[in-house]
Amino acid sequence: MRPLTYEVPATAAQAVAAVAGDPQARYLGGGTNLVDHLKLGVSTPGRLVDISRLPLDTVERTEDGLRIGTNVRNSDLAAHPLVRSGWPGVSRALLAGASGQIRNQATTGGNLLQRTRCVYFQDTTTACNKREPGSGCSALAGYGRYNAVLGASEACVATHPSDLAVALTALDAVVVVLGPDGERRIPVTGLHTLPGDHPEVETTLDHGELITAVELLATDLARHSTYVKTRDRASFAFALVSVAAALRLDDDGTVADIALAWGGVAHKPWRARRAEEALRGERIDEDAIDRVVSRAVDAELRDADFGPDTGYKRPLLRGATTAALARLAGGTDRRGPR
């Protein structure tokens with residue numbers, strides 16, 4: 001039996017000092033991902049530092065938006081009236097994730113830092129560069145239906161599983177991090193990494209750095225946001241593809257501003273900036289939306305690499321992106337204040 005120590009720090013600073021000073025230490029929040037991996041033998045830390053009791057569990061209005069503590073549970077955040085009214089895409093993304101039971105346990109920070117994984121990552125009898133660097137990637141020639149089509153490498157084709165992270169990416173959230181040298185802020189688009197030659201490295205955080213909060217700006221675009229997820233079953237399933245979208249139309253029905261992020265396509269939530277640029281200034285009324293959105297999606301997928309098991313993702317992305325934008329364009333709140 002492997003020895004494992006467990007401790008509960010009194011402050012965030014104590015937690016950071018404990019983990020930063022021990023290469024074998026890991027943070028424990030809701031435990032919905034880490035505990036599974038402990039049971040499977042995928043993760044083998046020597047020390048767990050439980051941050052779940054730290055007073056980082058509030059949702060607070062700030063001068064320019066919202067500050068969400070890292071320990072806020074997914075269910076509580078999804079139901080919070082400020083989130084539902086000001087950032088509805090975040091609420092929808094949270095409700096699309098996992099199951100009700102897991103959402104009651106999972107935390108905001110833990111959701112963002114869950115492991116990017118495929119079925120082979122959790123099977124210790126198979127080769128996986130993420131689990132054992134240099135051993136190979138079983139998904140390249142194996143079961144590939146969930147494989148990435150953007151930003152992948154020969155070392156890893158896993159996709160990031162978080163729904164919340166996709167919504168936060170579309171809305172330009174900022175992650176607040178505490179480390180041994182103090183606090184810093186990271187745009188959520190800069191938090192996760194593409195695999196390259198080192199898929200075992202999944203974020204830009206240094207060992208010991210702790211996410212303490214997520215910050216969102218209150219904008220007209222954020223108020224007109226949504227989330228669409230396609231999956232094999234209605235609950236407890238990763239996205240085949242997902243779309244976080246925010247939209248503001250001019251009076252003539254043309255796109256004044258737009259934000260798009262995709263899930264289920266890459267090692268990190270994918271900000272679809274080419275598609276955004278292709279859609280600005282376009283009309284997306286009922287007669288034109290299919291054609292215009294399909295063209296924009298194809299522009300974003302210009303460098304995509306589809307394998308024999310992932311070709312379905314192109315039409316699925318077209319349909320999910322169209323559905324998200326149609327929902328926003330058809331709503332009574334689709335235009336900004338006059």
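Note on R185 versus E183: salt bridge recorded, some NZ/NE/NH1/NH2 to OD/OE distance being below 4.0 Å. For R223 and D220, the salt-bridge test passes: some basic side-chain N is under 4.0 Å from an acidic carboxylate O. Ion pairing between a basic and an acidic side chain is recognised when a charged N comes within 4.0 Å of a carboxylate O; R131 and E200 show no such pairing. Between R314 and D298 there is a salt bridge, since at least one side-chain N of the basic residue sits less than 4.0 Å from a carboxylate O of the acidic one. Ionic pairing of D172 and R271 is present here: one or more N-O contacts between side-chain nitrogen and carboxylate oxygen are shorter than 4.0 angstrom.
H192 and H160 are linked by a side-chain donor-acceptor pair at a separation below 3.5 angstrom, with hydrogens and angles left out of the test. Side-chain contact annotation: T107 with N71, donor-acceptor N/O pair under 3.5 Å absent. Side-chain contact check for H267 and K130: at least one donor-acceptor pair (N or O, by modelled atom type) lies under 3.5 Å.
V297 and V228 are members of different hydrophobic clusters when ILVMFWY side chains are connected at heavy-atom separations under 4.5 Å. Hydrophobic clustering (side-chain heavy atoms under 4.5 Å, transitive across Ile, Leu, Val, Met, Phe, Trp, Tyr) keeps L40 apart from F236. Under a hydrophobic-cluster definition in which Ile, Leu, Val, Met, Phe, Trp and Tyr are linked whenever side-chain heavy atoms come within less than 4.5 Å, directly or via other members, L178 and I51 are assigned to the same cluster. If you chain together hydrophobic residues whose side chains sit under 4.5 Å apart, L171 and W262 never meet in one group. Cluster membership for L168 and V174, using ILVMFWY side-chain heavy atoms within less than 4.5 angstrom, is not shared.
Proximity of a side-chain donor or acceptor of K313 to a complementary backbone N or O of N147 within less than 3.5 Å is detected. Between the Q105 side chain and the G30 main chain, a donor and an acceptor come within less than 3.5 Å of each other. Panel note: side chain R103, backbone Q101; no donor-acceptor pair is recorded below 3.5 Å.
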Subject >> salt bridge (charged side-chain N to carboxylate O under 4.0 Å, His left out) between R274 and E300, worked out >> reply: CA-CA 5 Å; R274 283 181 183 169; E300 188 65 44; 5.5 Å; no
Subject >> Working for side-chain hydrogen bond (donor to acceptor under 3.5 Å, both in side chains), residues R47 and T5 >> reply: CA-CA 5 Å; R47 184 183 187 185; T5 61; 4.6 Å; no
**OP:** Output, in order, the C-alpha distance, side-chain angles, deciding distance and verdict of salt bridge (charged side-chain N to carboxylate O under 4.0 Å, His left out) for D290 and R318.
**Re:** CA-CA 8 Å; D290 288 338; R318 289 172 178 165; over 6 Å; no
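At most 12 heavy atoms of other shown residues, nucleotides or ligands fall within 6.0 angstrom of atom CD in E154.
Atoms OG and CG, on S91 and L82 in that order, are 11.5 Å from each other to the nearest 0.5 Å. The structure places CG of L247 at 8.5 Å from CG of D257, a figure rounded to the nearest 0.5 Å.
The side chain to side chain donor-acceptor pair (under 3.5 Å) with R145 is formed by just one residue from the set T310, D309, D232; it is D232.
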